[in-house]
Structures are given as structure tokens and as C-alpha cells.
Colleague: 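Pasting in a structure now, in C-alpha cells, and then I'll have a few things to ask.
We use all heavy atoms of the structure for the numbers below, so side chains are in, but hydrogens, waters and symmetry mates are not. In listed order, ligands and their atoms are each counted from 1. Since we're looking at a predicted model, the values are computed, not measured.
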Amino acid sequence: MTFDYDLFVIGGGSGGVRAARVAAATGARVALAEEYRMGGTCVIRGCVPKKLMVFASGYAEMFDDARAYGWDVQEGDFHWPRFRDRLHKELDRLEGIYRRLLEGSDVQIFDARARLKDPHTVVLSTGEELTAKHILVATGGRPVVPEMPGAELGITSNEIFLLDAMPKSILIVGGGYIASEFAGILNGLGVDVTQFYRGAQILRGFDDEARGLVAEGMRAKGVDLHLGTNIIEMRAATDADLRGENMAAPVEEGQPVGVAKGAQTDGIWVKATNGTTRIYDQVLFATGRTPNTEDLGLDAAGVKVGRRGEIIVDEYSQTNVPSVYAIGDVTNRVQLTPVAIREAMAFVETVFKGNPTPVDHDLIPSAVFTQPELGTIGLTEEQARDLEPIEVYCTSFKPMNHAFAGREDRVLMKLVVSRESRKVLGCHIVADHAGEMIQLAGIAVKMGATKEEFDRTVAVHPTMAEELVTMKEPVRTA
Ligand code: NDP
């Protein structure tokens, strides 16, 4: 049977674009369909704009630091529209690069939605039908909003980059990556931020001490974090709400009617499980993401989907239908851009280079761009001690630059070490640039370095990261 293409990729995000380009470089005839903007979540409404907002928000503290370091600076206001317009110009530029890379690789681009008709056929929203020897689904995921009265009044991370104006106050719901990162970003940009997390501590799944320090740091910087708290009900604020009626007694002193500082008249009235009622300008739901598998024709092609809507794949990213593969967030394995890119490379290696390559999901370093920032690789202390006897090396201190500037922020450096093999099983850093540090420490951990090998490396002085090679005694064993 002859096909129109050797590979048809559905989705132009980090994973899909990489797979298309690298497959085309092998001489394969490749097409890619994207219904929205080239670049996907990471480039258009995720990692990239988020990181630029992290940079923008960091300036607030830098003004104070600069004064402490002898500079004569005046703090000005943050102009959201000025930043947002520049941000979108940058995203347009990046999208253009992605598109040109595909075109330069001779990948045929379809600016259309695609759905599967059968294991070798896709139908585009233009009505066109195309066949391919292999189909790769890389459609990513999207934010989910919990079902509750008034939830439609809230926004998600998709909308945050498009706002006409910065809210004066915001309630962020969730305690994961996105909620905690945006709490810091918006707080830094001068928004009055309240965060509700339903559990006992934010960033579930990360090392407990690291989570604790991040939460403490966020609070110290001004985020009003409420743990064990959720929304019961929300609705558009009425005039009566704004007069202070319909308000339960607020928890904090000094806010007699429970109106969040600076709330505007078109605010959102929120009733919480902690008994408070408040009016916020915005409510941001960062309550997880779900794979984009709806209306993709997976049933028609016979592709199996799991309980959370994720496409079920094997270690080669192959579905139960041999001609259909899936990579990235749509498979709900590890929702990280570099992982989707690895999966894309392994897919091309397996299918187009005849070299079956499973994806290695073990020991993935990652960073949470909270303020303070968290970098992590490997096992948390809690995970490791359930598996084997361990030693914990840990230090927390005020870094030189913050101490000089009179800031209270502390840093955490932590190694979890196997007592038997001496291998560093986990490394957890809470500090400025923790993401940069963990990328490098991650190489050693991935190579299976022992604590003694860390220690043999001479310290780089004076740095924060030198503590990773100078911790002599374990703080505890377990
Ligand atoms: P997460 O799964 O990390 O967090 C979702 C949060 O919402 C959790 O705290 C969860 O609570 C809470 N939640 C879920 N349902 C409800 C509900 N009904 N009511 C109240 N709270 C609820 O998802 P995110 O959306 O933050 O991020 C998605 C993924 O994107 C991450 O897992 C990560 O892989 C990726 N990402 C990575 C980044 C990075 O690398 N820096 C940055 C941003 C995203 P509970 O813990 O109790 O389940």
C-alpha cells in the first residue's frame, strides 16, 4: 500500500515539531498538523512566557538589593501592557522560528485540526483526507478546572498571559508547579496574592524539607498561603457584597469586610472551606492538566486510552495500534518539555533509524520556578528511606548576597545518600538559580556518583553550590 506520507504528526508542540524535523532529516516524507500556534504549550502558554514573567517579577526585590549595594535607584511601577506586548512579540518570533525550522526540513505544515479516521488515515478540519505509514499523536494537554458553582468565572494558565490588565488581587487555587510559580510571579509584580491548597503542604511529591522552605519563603515574600483550604462556592460580586454584606468574619485582622486589598467592583466573591468570604479581582485555577485526547478519532482508529484520558503507550511510545505512536503530555508520563523531546528523539530512532530505543524516564532533573526556586533530582528523603537505609546531608543558610542586602531568604542544599552503595540517590536545592545548579548536579547523580565522589570535587568558592561538596557529617540516618 502506498501512503501520502511516511509520518503524519498531529500537534506542533515541542515533541511533535522535534519528531517531524528529525524524521524528515532521515529522508522520510513528513507532514504536521497544528490547529493553534506552532510551539505548543511550552512556547506559547507555558514554560517560555512563564520564565519571562519570573524574570519580570524578580526586579521588585532587585530594587531593594541595589539600594543595599550602594546604588541610588527609585522603584517605579510595573507596566503590564508594556511587558505583555513585548512578551507576545517574543512569542511570535519563537513561533516563526519553529515554523521556519519545519519548512526548512521539508515538513509539510497544515494549519488545521487533524483527527484519526483509521490506523493510517487522518482527516483535517478542512475536509482533506491524508494517509501515512505512521501517525504520531503529540497533542499535549490542557488545564482542568474543578466543577463547582461559579468556576467559569476563573481563569487558567492559558489566559494569564493574555490579560488586558494585571488584577490588583488574585486567588490562586492549587499547590502544584503552576499554582506555586504564579503565586510568586504575581506577588513579585505587585498583585495581592492569596493561594489555597487543599493538602497539608504545597508541591506534593517533592522533598518535604524543600517544600517547607519554599512555602516559608513564599509567605515571607508576601503570598498569603492557606493550606488545607479550598473554594466552596464563587460568583460575581454584587453591590451588597462590596458593601460588606454576605461576608463571614475574615481570618486576618485589619480587613473588616473581607475584601481583598484593592479588589475592583467587578470582582469575584469566594466562599472558602476555612470559613472566610472574600472578593478577588481574579481567580486562577492551577488544578492540574488533562491529556488532549477528546475528539481525536482514537476510537475510530482503535487506540486505547487510560482512565485519565491519556493514550496508553509502551516504552517505545507505540500504542496498541502498531502504526500509531504518541509522545509528550498526551501520554501523561512525565509532563515536562525536555521529556517530550526525548520521547520524540527515541521515536525517530526506533521507527526511522531501525534502532529500537526505549525512553529513559529515570532520574529526571527538574526545577520549579517558585520564589525561592527549587531544583531537584532523584529520590526525596521520604521515598528513599522507604527503600533502603540512608544518610541525609543537609545545610540551610543565608547566602552571602542576601545576607549583605539584609534579606532573610535562606538556601537549602540536601543530599540523600544510600548507606550501602554510597550513591547520591537524591539532590534537592532551594536557592536562586537552583534550576541551573540541579542541571549540573543532575549529571553526577545520573552517572551514579557516590557521596565520596561529590566530596572529591574541589569546592568553587565563594558560591552557594560549594555546599554540595563540603557537607561532612550526615544530619541524620534513617
Ligand atoms: P499539578 O498536578 O502539579 O498540580 C495540580 C494541583 O492542583 C495540585 O496541588 C492538586 O492538589 C490541585 N488540585 C487538583 N484538583 C483540585 C481540585 N479539584 N481542587 C483543588 N485543588 C486541586 O498540575 P499543574 O497544573 O500545576 O502542572 C501540570 C504539570 O505541568 C506538572 O505536573 C508539571 O509536570 C508541568 N509543569 C512543569 C513546570 C516546570 O517544570 N517548572 C512548570 C509548570 C508545569 P493535590 O496535590 O492534592 O492533588
Side-chain angles (χ1 to χ4, degrees), residues 13-15 40-55 140-151 154-161 171-185 194-206 208 210-211 214-215 218 225-234 270 272-274 283-292 308-310 328-343 361 364-377 429-430 433-436 438-439 442:
S14 305
T41 298
C42 173
V43 176
I44 302 297
R45 46 195 179 192
C47 324
V48 172
K50 178 276 305 288
K51 188 80 189 275
L52 290 169
M53 282 182 79
V54 170
F55 291 139
R142 63 178 188 282
V144 280
V145 172
E147 281 179 25
M148 70 170 76
I155 59 169
T156 68
S157 57
N158 278 356
E159 289 80 43
I160 196 93
F161 306 110
L171 170 63
I172 299 181
V173 186
Y177 280 79
I178 297 179
S180 306
E181 290 181 343
F182 274 103
I185 290 169
T194 305
Q195 183 180 357
F196 284 177
Y197 174 52
R198 64 183 178 181
Q201 183 55 283
I202 57 166
L203 297 172
R204 182 164 61 81
F206 291 88
D208 277 354
R211 301 160 75 192
V214 171
M218 286 170 58
L225 172 62
H226 294 264
L227 300 172
T229 306
N230 214 339
I231 298 181
I232 296 176
E233 187 191 344
M234 55 194 271
V270 173
T273 51
N274 62 7
V283 175
L284 169 69
F285 287 104
T287 43
R289 296 175 60 85
T290 191
N292 277 329
R308 292 179 174 171
E310 78 281 11
D329 288 3
V330 76
T331 62
N332 201 23
R333 286 177 281 182
V334 181
Q335 295 181 39
L336 295 173
T337 299
V339 174
I341 291 173
R342 285 295 166 105
E343 290 166 359
H361 287 112
I364 296 170
S366 76
V368 191
F369 295 100
T370 37
Q371 299 173 30
E373 194 169 309
L374 166 63
T376 185
I377 182 167
I429 303 174
V430 179
H433 312 298
E436 305 290 345
I438 205 67
Q439 178 69 80

Colleague: Could you go through F285 and F182, starting from their C-alpha distance and side-chain angles, then the distance that decides it, and tell me whether this counts as ring-ring contact (aromatic ring centres under 6.0 Å, His included)?
Modeller: CA-CA 11 Å; F285 287 104; F182 274 103; over 10 Å; no

Colleague: Under the side-chain hydrogen bond (donor to acceptor under 3.5 Å, both in side chains) test against R142, which residue among N292, T156, T41, N158 passes?
Modeller: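 Single pass found, and it is N292.
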
Colleague: Pick one of side chain, backbone, both or neither for how N230 approaches ligand 1, counting any non-hydrogen atom pair under 4.0 Å.
Modeller: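 Looking at N230 and ligand 1, just side chain atoms fall under 4.0 Å.
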
Colleague: For atom 34 (O) of ligand 1, what's the nearest protein heavy atom and its distance?
Modeller: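 Going atom by atom, the protein heavy atom closest to atom 34 (O) of ligand 1 ends up being Q335 O, 2.8 Å.
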
Colleague: With heavy atoms under 4.0 Å as the rule, classify the contact between F196 and ligand 1 as side chain, backbone, both or neither.
Modeller: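 Neither; no heavy atom under 4.0 Å.
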
Colleague: Of all the heavy atoms in A367, does at least one lie under 4.0 Å from an atom in ligand 1?
Modeller: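 Right, A367 reaches ligand 1.
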
Colleague: Starting from atom 26 (O) of ligand 1, what is the nearest protein heavy atom, named by residue and atom, and what distance separates them?
Modeller: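 That would be I178 N, 2.9 Å.
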
Colleague: If you have a sec, work out which protein heavy atom is nearest atom 7 (O) of ligand 1 and how many Å separate them, to one decimal?
Modeller: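 The closest heavy atom on the protein side is T287 CA, 3.1 Å.
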
Colleague: Give me the nearest non-hydrogen protein atom to atom 42 (C) of ligand 1 as residue plus atom name, then the distance to 0.1 Å.
Modeller: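 Of the protein heavy atoms, E181 OE1, 3.3 Å lies nearest.
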
Colleague: Of the protein's non-hydrogen atoms, which lies at the shortest distance from atom 38 (C) of ligand 1, and what is that distance?
Modeller: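 Residue, atom and distance for the closest contact: Y177 CD2, 3.0 Å.
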
Colleague: If you measure every N/O of G176 against every N/O of ligand 1, is any gap under 3.5 Å?
Modeller: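 Yes, there is a polar N/O contact under 3.5 Å.
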
Colleague: On a heavy-atom basis, which atom in G141 and which in D329 lie closest, and how many Å separate them?
Modeller: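 Taking G141 first and D329 second, the nearest heavy atoms are N-CB, 3.9 Å.
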
Colleague: With heavy atoms under 4.0 Å as the rule, classify the contact between R198 and ligand 1 as side chain, backbone, both or neither.
Modeller: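 The side chain, only.
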
Colleague: Shortest non-hydrogen contact from G328 to A340?
Modeller: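 Heavy atoms of G328 and A340 come nearest at CA-CB, 3.7 Å.
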
Colleague: Considering only protein heavy atoms, which is closest to atom 9 (O) of ligand 1, and at what distance to one decimal place?
Modeller: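 The closest heavy atom on the protein side is G175 N, 2.9 Å.
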
Colleague: Using the side chain to side chain contact (heavy atoms under 4.5 Å, CB included) rule, pick out the option among T194, T273, L171 that qualifies with H226.
Modeller: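 The residue from T194, T273, L171 that satisfies side chain to side chain contact (heavy atoms under 4.5 Å, CB included) with H226 turns out to be T194.
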
Colleague: Kindly indicate whether the side chain of S180, heavy atoms from C-beta on, has any atom under 4.5 Å from the side chain of Q195.
Modeller: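 Yes, side chains in contact.
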
Colleague: Of the side chain and backbone of L336, name the one, both, or neither that has a heavy atom under 4.0 Å from an atom of ligand 1.
Modeller: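 The side chain, only.
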
Colleague: Taking the side chain as everything from C-beta on, heavy atoms only, tell me whether K50 gets closer than 4.5 Å to S157.
Modeller: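 With C-beta onward as the side chain, the pair stays apart.
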
Colleague: Consider ligand 1: state whether an atom of it lies below 4.0 angstrom from any non-hydrogen atom of A286.
Modeller: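 A heavy atom of A286 does come that close to ligand 1.
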
Colleague: Would a 4.5 Å heavy-atom cut-off, applied to side chains only, mark V54 and E181 as touching?
Modeller: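 No, their side chains stay 4.5 Å or more apart.
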
Colleague: Would you say G288 has any N or O atom under 3.5 Å from an N or O of ligand 1, going by distance alone?
Modeller: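 Yes - when backbone and side-chain N and O of G288 are compared with those of ligand 1, one distance drops under 3.5 Å.
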
Colleague: Would you say ligand 1 has an N or O under 3.5 Å from any N or O of P146?
Modeller: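 No, no N or O pair falls under 3.5 Å.
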
Colleague: Return yes or no for this condition: an N or O of R204 is under 3.5 Å from an N or O of ligand 1.
Modeller: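 N/O-N/O distance below 3.5 Å exists for this pair.
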
Colleague: Mind checking whether L336 and Y177 have side chains closer than 4.5 Å, heavy atoms only?
Modeller: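 L336 vs Y177: side chains touch.
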
Colleague: Would you check the N or O atoms of F369, main chain and side chain alike, for any that come under 3.5 Å of an N or O of ligand 1?
Modeller: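 No, since none of the N or O atoms of F369 sits under 3.5 Å from an N or O of ligand 1.
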
Colleague: So which heavy atom on F196 is nearest to which on T229, and how close?
Modeller: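 Closest approach of F196 to T229: CB-O, 3.6 Å.
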
Colleague: Does R211 reach the main-chain N or O of L203 with its side chain, forming a donor-acceptor pair under 3.5 Å?
Modeller: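 Checked: pair present.
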
Colleague: For ligand 1, is there an atom lying under 4.0 Å from some heavy atom of K50?
Modeller: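 It does; at least one heavy atom falls under 4.0 Å.
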
